[in-house]
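Comments concern the structure below.
Protein chains get the first letters and strands the later ones, always in sequence-line order, with residue 1 at the start of each.
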2 protein chains.
Amino acid sequence: MKKNVIDDCDLKYVLDIISDKWSVFVILTLSEKKVVRFNELQKLLKGISQKMLTASLRKLEGNKLVERRVFGEIPPKVEYTLSSIGLSLVPHIKNVVEWAVNNVDEIKSVDHNL
Amino acid sequence: MKKNVIDDCDLKYVLDIISDKWSVFVILTLSEKKVVRFNELQKLLKGISQKMLTASLRKLEGNKLVERRVFGEIPPKVEYTLSSIGLSLVPHIKNVVEWAVNNVDEIKSVDHNL
DNA sequence: CCGAATCCTCGAAGATACTG
DNA sequence: CAGTATCTTCGAGGATTCGG
């Protein structure tokens, strides 16, 4: 079932998922590393707090973009991977990334307080 | 001059521009209407306040994605259009839009409080 | 190691009123 | 018509502590 019109609400919903401070970077990191444990992810995403990483992962998991595997071990081990839907989003994000890389120098305003 | 590596800071900079509440919709609306006046834009973007529309437009203008033409008339008349750089971003945004339309139903979590 | 729980700050964003 | 100026609210996100 394919929709023919652009639905603002659908876009809003998706933007709400990926337009926070870290989600895009979580997704990109997962797409590079394939499988990543929580701690490794936190190290790769320099600057993110545990709380926000957890929140970001939970949100992505709740929206089926990310899969979470818990191993019943001591010490705990939890692996995160992109779902197939999550993977299908990656190329589109990478397009924006590429655009960004090619255009930042030109758009970057002198006044960084904008 | 083309860069070969993905620069997180560049991406952060661009995401900072387009990941607020309205910028994406401003850009999409401008890409449809080509030329839009302030008031018309506010009507099209149902729900946006004058303050946020102004802020959004100033930010986009400051980053050269949007152009602003002021007519010295009474009553005032100001037209907004996408710059060529802004236009070059549109297809990438539309790709995400299309992905969103095609996948929201599947990813939408039951718990809307996520 | 992987979080959950708590407290706190700060800026995004809304509401309202005013102006050239 | 196209904003600016204030005031206020609200929640994203940080820091820290605690637990299985």
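- Distance, A:K77 NZ to C:dC2 C1': 14 Å, rounded to whole Å.
- Residue A:P75 is classed as a sugar-phosphate contact, given heavy-atom separations below 4.0 Å to backbone atoms only.
- In the set C:dG3, D:dA2, C:dG14, D:dA2 carries the atom at the smallest distance from any side-chain atom of B:F38.
- Atom pair A:Q50:CD and D:dG13:P shows a separation of 17 Å (rounding to whole Å applied).
- One atom, NZ of B:K51, and another, P of C:dG11, lie 13 Å apart when rounded to the nearest Å.
- Contact annotation: side chain of A:K21 to base of D:dG13, donor-acceptor pair absent below 3.5 Å.
- The distance between atom CE of B:M52 and atom P of D:dT4, rounded to the nearest whole Å, is 13 Å.
- Between the P atom of D:dA12 and the CD1 atom of A:I17 lies a distance of 14 Å, rounded to the nearest Å.
- Considering only the side chain of B:R37, D:dA2 comes nearest among C:dG14, D:dG14, D:dA2.
- Between the CD atom of B:Q42 and the P atom of D:dT4 there is a distance of 13 Å, rounded to whole Å.
- Taking atom CG on B:L41 and atom C1' on D:dC1, their separation rounds to 14 Å, with Å as the unit.
- Look at NZ on A:K59: it is 7 Å from P on D:dA12, rounded to the nearest Å.
- Considering only the side chain of A:T54, C:dG3 comes nearest among D:dG13, C:dG3, D:dG3.
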